[in-house]
Amino acid sequence: MSDVRVRFAPSPTGFVHIGSLRTALYNYLFAKKNNGTCVLRIEDTDQARFVEGAIENLIDTMEWPGISFDESIDNPGDYGPYKQSKRLDIYKKYVQQLMDEDKAYPCFATSEELEKMREEQIAAGQDPKYDGRYRDYPKDKAEQRMKTDQYVVRLKVPQTGETIVNDIVRGEVVFQNEVLDDQVILKSDGFPTYHLANVVDDHLMKITHVIRGEEWLPSTPKHVLLYQFFRWDLPQFAHLPLLLNEDRSKLSKRQGDVAVEDYRSKGFLPQALVNFVALIGWSPGDGTDQEIFSMEELIEAFSLERVNKAGAVFDISKLEWMNGYYIRTLDEGQLVEFLQPFLEDAGIDTSDKEKTAKICLAVQKRIEKATDVKTAAKIFINDVLEIDEKEALDILKEETARAVLETFLEKVNTLGHLDSDAFKPVMKEIQKEKGIKGPFLWKPVRVALTGAESGPDLPLVIDVFGKEKVCSFVQQALEKYV
RNA sequence: GGUCCCAUCGUCUAGGGGUCUAGGACACCGCCCUUUCACGGCGGCGACAGGGGUUCAAAUCCCCUUGGGACUACCA
């Protein structure tokens with residue numbers, strides 16, 4: 001084991017954002033690549049946002065694509081607890097230290113008071129900012145009020161000088177201290193804010209690399225200040241580019257699915273999602289054009305230096321292509337296992353294992369996600385032939401269509417059993433006898449059986465249908481549409 | 001508004017001074033394979049935001065402009 005330690009530190013607010021998945025993945029890949037340790041820490045310092053069952057869901061959702069943690073609530077290491085709400089005493093101790101050293105101070109302003117202050121600043125054309133009203137409040141007075149009044153603790157940010165953030169992805173980023181707020185580090189309910197908790201925990205948990213979303217970059221100087229106040233070594237920072245909506249705003253719920261759970265329930269394969277998400281904001285370089293990566297290959301190829309700076313649009317159509325690609329690589333057993341629940345959801349009886357497998361094979365090359373079976377497999381549950389598409393109807397209107405279908409019906413009726421092996425010779429015979437071939441021969445049969453001009457490979461369809469249904473449908477086509 | 005980040009085909013990206021008439025993938029279009037439908041194969045369309053520098057030479061380095069984004073809570 002090298003001493004690389006990284007952490008994925010989500011707040012359990014209900015569902016796992018696809019951007020969180022990528023952050024977790026990059027942390028995981030970086031840890032594995034460097035023989036390091038990947039820690040899962042739950043950032044639940046906001047009581048107002050507590051969601052029942054969120055932590056369990058989070059762990060389950062991360063396991064699904066194969067992201068595992070070396071240390072977590074379930075699997076504690078030497079640096080627990082791994083849940084911030086269980087570390088309150090730790091934070092208090094460090095807040096006290098900061099106050100003792102005059103690097104933090106209590107602030108008795110109420111939320112209403114601050115809100116009013118902000119409004120006045122805006123009205124006066126100023127930039128809203130905490131005005132430091134309790135920054136130099138007399139210590140003895142403050143200590144008295146702390147016994148009775150509600151207060152928060154604020155960081156005493158230096159009013160001059162600059163704070164430099166060194167970032168693996170972005171290089172050196174300089175912030176003037178004067179623009180930094182006196183950040184609240186301890187809330188009036190006794191819980192720390194993210195800023196304090198993540199610094200204390202990262203230090204105590206010996207985190208060497210902080211890999212997180214770019215939205216944290218603006219608050220990083222406050223974190224750096226905290227490290228300096230505590231006289232702790234800084235971790236390395238790597239701020240990842242954001243995942244974007246189509247309109248290039250931060251990927252949000254409003255514009256489509258953002259939860260990993262959504263993609264799971266829509267029938268995306270975990271390996272496809274991992275592969276796709278890895279390639280948003282990172283590429284292997286080295287002149288390779290490789291786009292398909294297993295988790296092992298990603299680990300091998302990954303490096304933070306090759307993470308992109310610019311935000312990236314989450315392009316679902318490419319994800320769908322990639323998922324379709326992975327579906328096509330599944331063997332029969334894997335395919336059936338994957339598709340079966342979705343077939344059931346679509347109202348298809350899967351009790352006949354053999355038939356279910358045939359349906360799966362028939363649709364395999366035609367779907368990009370498992371929920372596509374709903375339309376792709378529709379033809380297998382219809383008992384009555386219905387044709388809506390004009391293109392399909394036109395095919396049955398071809399001069400030769402009637403002859404094809406009538407002959408087909410005659411020949412099939414003489415057969416004891418119809419399957420794909422018996423089907424092909426029948427078509428061959430019709431071709432020879434009637435001199436009709438190609439699309440003119442096959443398409444009328446396709447339309448008669450499936451009601452559409454495109455669908456699964458016909459022999460595969462016939463394997464699923466069997467003689468009786470085939471004859472019934474051709475009969476119906478002749479009666480209703482030819 | 002302020003602070004910070006970013007900028008190559010519609011999208012994801014390769015490119016880190018000359019090998020770029022800018023490569024790949026998705027999407028789209030066409031052709032081929034296929035006695036059907038797909039899959040697949042081949043090809044086409046399509047970008048260095050603009051302007052200044054630096055340099056013999058810039059997509060690549062610097063500056064400005066423009067554009068986009070994030071942050072600006074007792075949320076993370």
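Excluded from the calculations below are hydrogen atoms, water molecules and symmetry mates; all remaining heavy atoms, backbone and side chain alike, are included. These figures come from a predicted structure and were not determined experimentally.
Note on A:S283: only backbone sugar-phosphate atoms sit closer than 4.0 angstrom, heavy atoms only; bases stay farther off. Nucleic acid contact class of A:K443 (heavy atoms, under 4.0 Å, all strands): sugar-phosphate only. Among the atoms of the strands shown, none is found under 4.0 Å from any heavy atom of A:G125. Using a 4.0 Å heavy-atom criterion, one finds that A:E291 contacts the bases of the nucleic acid, with or without backbone contacts as well. As judged by a 4.0 angstrom heavy-atom cut-off over every strand, A:T450 is placed among residues making no nucleic acid contact. Contacts of A:K428 with the nucleic acid, taken as non-hydrogen atoms under 4.0 Å apart, include base atoms. Within the 4.0 angstrom heavy-atom criterion, only backbone atoms of the sugar-phosphate kind lie near A:D46; the bases stay farther away. Among the atoms of the strands shown, base atoms are found under 4.0 Å from some heavy atom of A:L458. In this structure, A:V461 reaches neither bases nor backbone, as no heavy-atom distance under 4.0 Å exists between it and the strands shown. A:R328 comes within 4.0 angstrom of sugar-phosphate atoms only, judged by non-hydrogen atoms across all strands, and of no base. Note on A:R306: only backbone sugar-phosphate atoms sit closer than 4.0 angstrom, heavy atoms only; bases stay farther off. Backbone-only engagement by A:L279 is indicated by non-hydrogen atom pairs under 4.0 Å involving sugar-phosphate atoms exclusively. Within the nucleic acid shown, A:E246 has no heavy atom closer than 4.0 Å to any nucleic acid atom. Using a 4.0 Å heavy-atom cutoff across all strands shown, A:N198 reaches no nucleic acid atom at all.
Listed by chain and number, the residues in a ring pair (Phe, Tyr, Trp, His ring centres under 6.0 Å) with A:Y326 amount to none (sequence neighbours excluded). When the ring pair (Phe, Tyr, Trp, His ring centres under 6.0 Å) test is applied to A:F302, the partners found at least two apart in sequence or on another chain are A:Y26, A:W282. For A:F191, the ring pair (Phe, Tyr, Trp, His ring centres under 6.0 Å) criterion is met by no residue, not counting sequence neighbours. In this structure A:K266 satisfies the side-chain contact (heavy atoms from CB on, under 4.5 Å) test together with A:D257, A:F268, A:T371, sequence neighbours excluded. Under the ring pair (Phe, Tyr, Trp, His ring centres under 6.0 Å) criterion, A:H203 pairs with A:W232, sequence neighbours left out.
Across all strands shown, B:U66 is found opposite B:A7 as a Watson-Crick or G-U wobble partner, with both distances under 3.5 Å. The base-pairing partner of B:G44, taking Watson-Crick or G-U wobble contacts with both distances under 3.5 Å, is B:C28. Base pairing annotation: B:C71 forms a Watson-Crick or G-U wobble pair with B:G2, both donor-acceptor distances under 3.5 Å. The partner of B:G18, taking Watson-Crick or G-U wobble pairs whose two distances both stay under 3.5 Å, is B:C56.
For the C1' atom pair drawn from B:G67 and B:A49, the interatomic distance equals 7 Å after rounding to whole Å. For B:U11 and B:A47, the P atoms lie 12 Å apart once the distance is rounded to whole Å. Straight-line distance between the C1' atoms of B:G53 and B:A58: roughly 12 Å, to the nearest whole Å. B:U72 and B:G15 have their P atoms separated by 33 Å, with the value rounded to a whole Å. Taking the P atoms as reference points, B:C28 lies 40 Å from B:G52, given to the whole Å. Taking the C1' atoms as reference points, B:U55 lies 23 Å from B:U65, given to the whole Å. Comparing B:A59 with B:A76, their P atoms are spaced 47 Å from each other, to the whole Å. Taking atom P on both B:G51 and B:G43, the two are 34 Å apart, rounded to the nearest angstrom.
Residue A:Y481 forms a side chain to side chain contact (heavy atoms under 4.5 Å, CB included) with just one option from A:I395, A:L393, A:L405, and that option is A:L393.
For the residue pair A:Y134 and A:D182, no side-chain donor N or O sits within less than 3.5 Å of a side-chain acceptor on the partner.
Counting non-hydrogen atoms of other residues, nucleotides and ligands closer than 6.0 Å to NZ of A:K129 gives a total above 12.
Both A:V152 and A:E215 lie close to RNA chain B; mapped to their nearest nucleotides by heavy-atom distance, the more 5′-ward contact belongs to A:E215. Position along RNA chain B of the nearest nucleotide to A:S317 versus A:D247 favours A:S317 as the more 5'-ward residue.
Within residues 181-191 of chain A, the residues having any heavy atom under 4.0 Å from RNA chain B are, by residue number, A:V184, A:K187, A:S188.
Here A:K390 pairs with A:D394 in a salt bridge; the nearest charged N to carboxylate O distance falls below 4.0 Å.
Between A:F276 and A:F314, the ring planes are perpendicular. Angles over 60° get that label, and only those under 30° would be called parallel.
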List the atom pairs, donor and acceptor, that lie under 3.5 Å between side-chain atoms in residues 435-447 of chain A and the rest of the protein, sequence neighbours left out.
residue, atom, partner, partner atom, Å
A:R446, NH1, A:G455, O, 3.4
A:R446, NH1, A:P456, O, 3.1
A:R446, NH2, A:P456, O, 2.9

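Reading RNA chain B from its 5' end, the first and the last nucleotide to sit under 4.0 Å from a heavy atom of chain A are B:G1 to B:A76.
For residues 302-319 of chain A, every residue pair satisfying the salt bridge (Lys or Arg N to Asp or Glu O under 4.0 Å) rule, not counting sequence neighbours, is listed here: A:E291-A:K318.
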